[in-house]
Amino acid sequence: MIILKRAAVLAALFLFSAVCAGAQDVTLKSRDGKVELNGTLLGFDGEFYRVSTDYGELSVDGSGVTCIGPGCPNLTDYVAEVELSGSATMGAVLMPALIDAYAQRNGYTVTREDEDATRFVLSLTRKDTGKLAARFGFRASNTNEGFADLLADEADIVMSLREIRPEERKLAREAGMGDLTGANRSRVLALDAVVPVVAPGNPVRSISPLTLAQVFSGEVTNWKELGGPDAPIELHLPDAASGLAQAIEDQVIAPEKLTLSESAIRHALPDQIADAVGQDALALGLTSYAERRNTRVLTLGGTCGFSLDAARRTIKTEDYPLTAPMFLYFPARRLPRVAREFLAFTRGPAAQNVIRRSGFVDQAPEEIAIEQQGNRFANAITVAGVETTLEELQRMISTLSPMARLTTTFRFETGSIRLDAQSRSNVQQLARALEQGRYDARQLSFVGFSDGQGAAKGNRDIALRRAEAVLRAISAAAVTANLDRVDLRVDAFGEAMPMACDDTSWGRQANRRVEVWVR
């Protein structure tokens, strides 16, 4: 909250100083000279002027006006300026790698200039003319600072390891930045996960999410309670201001209504956690899947005997429950063309390859044949009983066995019919694939599953309604697609194929999902 207050104050000071700064005053005059607009130049993206006027903030097409005044940009040698702020994990490797790949494909060379420990600039120069075209300025610190910089109008894009908080969303809307949870205001760039890690020599192999929360809240303090030696557990966590630490609180601690132990050792970067845990047989850390290094990741288990391992495919499908999407957030204003082109590039196959090479999980859909789906069908047989009948299992297997499962899965926010952040991004991804004709002449089935709480028939009905809701969302988003070329169907099997135990909130959340099957 302190950072949010700081952001609000900075935003107010920025707006006041911008209005009062005479050096940025401009006059935009129409080509025929009949219309003049006076105001303070807030930005220029190479095509549109963004001006603060007596009528509010306006965007004006530069092709129809002449700019007069000391604040006018140089149109001949215009250089796009883009400021990114937030997660050091994203800023250190992933974003520079993506910018470098974009530059190579589009005829730019990239040079880097480090300003201090957290700030650097990537400059893009045209190979054909040698002229500087764009500067991407980075402040790679943490997610909290990223949103503070955005609210203070000191950043154009936020790099975040968590979803925007309600307070941040409210302040952004009040500052005229739009709803940052909207389809065009946020983007899941790549995927990661929160993983519990131990040293390779530690004898413990698995842990339940409840026990994990109890350990990191300080309720369980000895390895003996986890099946290990009679010795105290040393805890390692990310810095409290980082998005990863906040994702840990949201996904591990909050569901059990606990608070993090103050005795945990905090680290500025996830790789530091892995290094510390890897050298200490009595340490337990929570870190990023991409930065697990030489540690061993514990399996998440449960009382019903199901277990879930963190792997690229289980993170992509969200079958592993502690996923941590990596977000980009941007306000409701035009970015320079080079920035828009870069953001479009990040959705394509070349960018997905860069994401994989950087150690993170990409979002490119994969088809998983039925024989490659591990113990999912064994789980279905294990829980079959009076309500989940043999006939229903046979119907499920006969329906799905000729098909392959897409890694694109849809899940919902806890206690809500609203899709979670990763799933909202999945809607856009699948809609674009339909627009590109990638599934023309094929069958796509949206198949709903539920947890096991309540009557089986009611659960199947709820799962079917969710599958229908996902199909509607994708159909609405695929504006230019010819959906007559695709055989779109919905079905549901309720609680017939659980991913996790139903005795915890995270397990029930993992079981409530809509899968996509293709043939």
Where the side chain of [X] meets the backbone of [Y], is there a donor-acceptor pair that is under 3.5 Å apart?
X: R340; Y: L335; value: yes
X: Q352; Y: T346; value: yes
X: Y329; Y: I164; value: yes
X: S30; Y: V35; value: yes
X: D192; Y: Y289; value: yes
X: S358; Y: F360; value: no
X: R139; Y: A155; value: no
X: R31; Y: V65; value: yes
X: E435; Y: T480; value: yes
X: T287; Y: P270; value: yes

Worksheet entry | Steps toward side-chain contact (heavy atoms from CB on, under 4.5 Å) verdict (V361, I355) | CA-CA 7 Å; V361 178; I355 290 168; over 6 Å; no

For a 4.5 angstrom cut-off between non-hydrogen side-chain atoms, does [X] reach [Y]?
X: E291; Y: I273; result: no
X: L124; Y: Y102; result: yes
X: L406; Y: E367; result: yes
X: V338; Y: Y108; result: yes
X: R512; Y: R466; result: yes
X: M177; Y: L171; result: no
X: L37; Y: Y55; result: yes
X: V447; Y: M403; result: no

Practice prompt. Check step by step if side-chain contact (heavy atoms from CB on, under 4.5 Å) holds for L300 and L322.
Written response: CA-CA 10 Å; L300 292 182; L322 304 182; 4.0 Å; yes

Worksheet item: Taking it one step at a time, do Q104 and D100 satisfy side chain to side chain donor-acceptor pair (under 3.5 Å)?
Response: CA-CA 6 Å; Q104 290 182 27; D100 189 62; 2.9 Å; yes

Determine all donor-acceptor pairs shorter than 3.5 Å in which one atom belongs to a side chain in residues 237-245; sequence neighbours excluded.
{"residue": "D239", "atom": "OD2", "partner": "A241", "partner atom": "N", "Å": "3.0"}
{"residue": "S242", "atom": "OG", "partner": "D239", "partner atom": "O", "Å": "2.8"}
{"residue": "S242", "atom": "OG", "partner": "A245", "partner atom": "N", "Å": "3.1"}

Might you confirm whether atom [atom1] of [X] has over 12 heavy atoms from other residues, nucleotides or ligands at distances under 6.0 Å?
X: D116; atom1: CG; result: yes
X: R313; atom1: CZ; result: yes
X: R126; atom1: CZ; result: no
X: K170; atom1: NZ; result: no
X: R112; atom1: CZ; result: yes

Nearest-0.5 Å distance that lies between atom [atom1] in [X] and atom [atom2] in [Y]:
X: T407; Y: I315; atom1: OG1; atom2: CD1; value: 12.5 Å
X: Q509; Y: Q251; atom1: CD; atom2: CD; value: 9.5 Å
X: F136; Y: S123; atom1: CZ; atom2: OG; value: 10.0 Å
X: F216; Y: H236; atom1: CZ; atom2: NE2; value: 9.0 Å
X: L41; Y: T53; atom1: CG; atom2: OG1; value: 12.5 Å
X: L488; Y: L444; atom1: CG; atom2: CG; value: 6.0 Å

Would you please name every residue forming a ring pair (Phe, Tyr, Trp, His ring centres under 6.0 Å) with [X], sequence neighbours left out?
X: F48; value: none
X: Y78; value: F44
X: Y320; value: none

Practice prompt. Report the C-alpha distance between R165 and D250 in whole Å, list the side-chain angles of each, state the deciding distance to 0.1 Å, and finish with yes or no for salt bridge (charged side-chain N to carboxylate O under 4.0 Å, His left out).
Written response: CA-CA 11 Å; R165 299 294 195 213; D250 292 345; 2.8 Å; yes

Worksheet item: So, E249 and R162, do they make that salt bridge, N to O below 4.0 Å?
Response: no

Worksheet item: So, E113 and T111: side-chain donor and acceptor under 3.5 Å apart, yes or no?
Response: no

Return a table of donor-acceptor pairs under 3.5 angstrom between the side chains of residues 82-90 and protein atoms on other chains or two or more places apart.
{"residue": "S85", "atom": "OG", "partner": "D149", "partner atom": "OD2", "Å": "2.7"}
{"residue": "S87", "atom": "OG", "partner": "T89", "partner atom": "N", "Å": "3.2"}
{"residue": "S87", "atom": "OG", "partner": "M90", "partner atom": "N", "Å": "3.1"}

For residues 422-431, tabulate all N or O donor-acceptor pairs below 3.5 Å that involve a side-chain atom, not counting sequence neighbours.
{"residue": "Q422", "atom": "NE2", "partner": "K316", "partner atom": "O", "Å": "3.3"}
{"residue": "S423", "atom": "OG", "partner": "R411", "partner atom": "N", "Å": "2.7"}
{"residue": "S423", "atom": "OG", "partner": "R411", "partner atom": "O", "Å": "3.2"}
{"residue": "S423", "atom": "OG", "partner": "D420", "partner atom": "OD1", "Å": "2.8"}
{"residue": "R424", "atom": "NH1", "partner": "E413", "partner atom": "OE2", "Å": "3.3"}
{"residue": "R424", "atom": "NH1", "partner": "L419", "partner atom": "O", "Å": "2.7"}
{"residue": "R424", "atom": "NH2", "partner": "E163", "partner atom": "OE1", "Å": "3.3"}
{"residue": "S425", "atom": "OG", "partner": "Q363", "partner atom": "OE1", "Å": "3.4"}
{"residue": "N426", "atom": "ND2", "partner": "T409", "partner atom": "O", "Å": "2.8"}
{"residue": "Q429", "atom": "OE1", "partner": "R432", "partner atom": "NH2", "Å": "3.1"}

